[in-house]
Amino acid sequence: MSAVAESGQAAGGQPPITRVSEAIIRIAGNSQDGIQAIGGFLARLAGRSEQEVMTFMTIPSTISGGPSIFQVRIGSGEVQSAGDEADMLLAFYQHSYDNHLSSLKLGGIVLYDSDHVTEFKPENLDKYRHVAVPISSKTVEAIGGSGRDKGKNVFSLGLLARIYDLDVPKLKKLVAERFTGKDPKIAETAITAFDAGYSFQLQDLLKSYQLEHSQKKIGRSQVVMNGNEAIAYGLVAAGVRFGAGYPITPWSDIMEILRRELPKYGGSFQQCEDEIASISMAIGASWGGRVAVTGSSGPGISLKTEALGWACMAEMPLVVVDIQRGGPSTGMPTNIEQSDLNIACFGGHGDSPRVVIAPSNVEDCFYSAIEAVNIARKFSTPVVLLSDQGIATRIEAFPEPDLKSVCQDITPDLTPVADHKPYDLAAVDGITRHLAPGTRVGSGKYPVVTGLEHDELGHPTGSPKLHLQMTAKRRNKLKKLGQELPKPVVYGPAEGQMLLVSWGSAQGPVREAVDKFRSLGDAVSAVHVKYINPLPEGLAEIFQGFRHVFVVELTDEGLYGYGQFAAVLRARYCDPKIKGITKVDGLTWKVKEIVDRVRSGIATANQAAQA
């Protein structure tokens, strides 16, 4: 916690209150304890209080559950990551205490359930402030019944509300909203548990805290959601009214939201029998005249690849959402990785160009979903929206979108035309669009669609000349898109010693690393790349301004010492100074990791130069 000011003794003999600019709280327990609910309440409270917030969570991939954490960082200033070291650790069990004590800052607070945490190393008692609360037994005492300690997450929320002087009425409203539509007694029991935690006397607490009010002027209310929610609502705002998919972690949340929300707007979502059926159904719906969506994670994307190639060949507008997780094969279903980049860009046989966009945060997920739909429509091409488990599950607050300006109607235009060639080779930059079935064509020459190579009306052909022309057509329209994309903006000076390149969820930690480097006097900048395929113009000029270029990504270093996106950049720009900083431990980047890896990379590069 970054202290701002400290008051004297609080009223009623309570510990003195220290005002802080931010707080990082790590909650550790088991997945069935509802620790994600605690973090969610804190994050949503921050959003409704116009504060910055970002979260990070891990959950076990087994149905039976297991150890889990939820980390929330709340700040009055800009928050770009979930934080490296926690100010407070809330530990429900001995394993929670043992495994996560190292994540705490020296001098940080350990709030632990003394019913379950009983073993301590003497040196740790000196390093950290320990606050014992019999959370489980006090919860049972407060709410009774057969639920035993099932309300201890809300009891603990009450403890945190007291320690951080949180807005109790807003928190209670959030708790009540969580149980809307259920038996009112459930909400009443939860509030009782909250009140018991809030009123518990914390004898070992030396001081309590109060978060500074945000200084930013938002102008609009904030919305609080995770990345998957943002993508789903972005697709609805973009005018998508049909989707098809098959359940798989961590994509399933989007599927469930669309299944619930699309019927409200005259649409529908179909759960199919498998991944192949889902993308095929979405392609059929897109051919019907309105861009449709399908999605999955790595294993499902592999299964969809052949049909994705069909959509590339038929130049069918389509949005494919890929929420990346650890791989290969079934891999690590609930852990983060960015290793689907290769399959997103190049997966499939033959030359099958498609667009790949990687949102960088939760707000960007919302607007990128809209952009993906618009690119698919304009260029009549599949667009892969490449997110990851980190963004998918983390909660952020951002200004409420102006829905009147972003929502769009993409109802098919059935206006009759005199003639139509869906693959017109004379089209400027190779950009053509399909007519919705049912559109009257005056010439009577109605086109067809096929996965075979075809002529301008879609009729199959084996002509070498036409194959050359159609391959170039499919390529050239994406080259045109690359020319239209906004040029990346350098974070920091345009020239210096080191440039860090990020994509996807690495943006925030990389920018914090740059801030740390620059505070120490190092000439380090960063550039974030959102458009993975095609690449935007201007990157070569940016790279020229720096001696070292490091691509920070959550992929393996591969056979040659750099990750997947670094390989793409090296192939595109033929620049050997482009190096990789990679890891695949299933966890998001910590700022300290990036700083240490950059220093190590610089040392290695300097040694190689001197050899």
Side-chain angles (χ1 to χ4, degrees), residues 23 25 27 29 31-55 57 59 68 70-72 74 90 92 111 113 133 135-136 138-200 202 208-211 213-214 218 220-226 228-230 232-233 253 256-257 260-261 264 362 393-398 400:
I25 303 169
I27 307 159
S31 55
Q32 56 267 44
D33 292 322
I35 62 174
Q36 285 77 24
I38 307 175
F41 287 136
L42 293 173
R44 285 172 169 78
L45 175 66
R48 293 189 183 185
S49 303
E50 296 190 350
Q51 289 170 318
E52 290 273 335
V53 62
M54 189 173 293
T55 69
M57 62 182 287
I59 54 175
S68 178
F70 194 105
Q71 183 161 306
V72 57
I74 304 171
L90 170 57
F92 282 152
L111 179 65
D113 186 345
V133 179
I135 295 174
S136 297
K138 285 297 179 181
T139 301
V140 174
E141 181 182 311
I143 62 176
S146 59
R148 294 180 296 176
D149 61 351
K150 292 301 181 184
K152 66 182 181 182
N153 59 336
V154 186
F155 179 94
S156 300
L157 182 64
L159 291 172
L160 295 174
R162 168 55 66 89
I163 294 170
Y164 286 98
D165 194 28
L166 301 178
D167 190 322
V168 171
K170 282 185 179 179
L171 267 178
K172 287 187 175 182
K173 185 178 179 182
L174 285 167
V175 172
E177 288 174 357
R178 175 68 179 264
F179 300 107
T180 299
K182 298 184 178 181
D183 187 337
K185 292 182 179 179
I186 298 177
E188 292 173 7
T189 300
I191 296 299
T192 299
F194 176 89
D195 288 337
Y198 188 80
S199 61
F200 185 83
L202 294 162
S208 58
Y209 304 90
Q210 185 180 69
L211 286 161
H213 293 295
S214 175
I218 298 175
R220 300 196 302 272
S221 299
Q222 289 196 131
V223 292
V224 185
M225 60 179 65
N226 63 38
N228 275 356
E229 291 171 326
Y233 287 111
D253 289 346
E256 289 301 314
I257 294 170
R260 183 183 70 238
E261 296 296 328
K264 298 177 182 178
V362 173
T393 59
R394 82 184 186 205
I395 299 172
E396 295 180 38
F398 60 92
E400 182 179 357

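What you are looking at is a predicted structure, and each value in this text was computed from that prediction instead of being measured.
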Are [X] and [Y] packed together at the side-chain level, in the sense that at least one heavy-atom pair is separated by less than 4.5 angstrom?
{"X": "Leu159", "Y": "Arg162", "answer": "no"}
{"X": "Val362", "Y": "Phe398", "answer": "yes"}
{"X": "Asp167", "Y": "Pro169", "answer": "yes"}
{"X": "Leu90", "Y": "Ile135", "answer": "yes"}
{"X": "Tyr209", "Y": "Asp165", "answer": "no"}
{"X": "Asp33", "Y": "Asn153", "answer": "no"}

Is the backbone of [Y] close enough, under 3.5 Å, to the side chain of [X] for a donor and an acceptor to pair up by distance?
{"X": "Thr55", "Y": "Ile395", "value": "yes"}
{"X": "Gln222", "Y": "Gly47", "value": "yes"}
{"X": "Glu229", "Y": "Asn226", "value": "yes"}

Go through the steps for Leu157 and Val175 under the test side chain to side chain contact (heavy atoms under 4.5 Å, CB included), then give the verdict. CA-CA 10 Å; Leu157 182 64; Val175 172; 4.1 Å; yes
Take atom CZ in Arg48; do more than 12 heavy atoms of anything else shown fall under 6.0 Å from it? yes
Separation of Phe194 CZ from Leu160 CG (nearest 0.5 Å): 9.5 Å
Hey, what do you get for CD (Gln51) to CG (Leu42), rounding to the nearest 0.5 Å? 11.0 Å
Could you go through the side chain to side chain contact (heavy atoms under 4.5 Å, CB included) check for Ile257 and Arg260 one step at a time? CA-CA 5 Å; Ile257 294 170; Arg260 183 183 70 238; 4.0 Å; yes
Specify the closest pair of heavy atoms between [X] and [Y], including all atoms of both residues, with the distance to one decimal.
{"X": "Ile74", "Y": "Ala46", "value": "CG2-CB, 3.7 Å"}
{"X": "Ala196", "Y": "Phe155", "value": "C-CE1, 3.6 Å"}
{"X": "Ser156", "Y": "Phe92", "value": "OG-CE2, 3.3 Å"}
{"X": "Ala190", "Y": "Phe179", "value": "CB-CE1, 3.7 Å"}
{"X": "Gln36", "Y": "Ser68", "value": "NE2-OG, 2.7 Å"}
{"X": "Ser136", "Y": "Asp113", "value": "OG-OD2, 2.6 Å"}

Cationic N near anionic O, under 4.0 Å, Glu188 to Lys185: no
Charged tip of Lys138 within 45° of Phe200 ring normal and under 6.0 Å: no
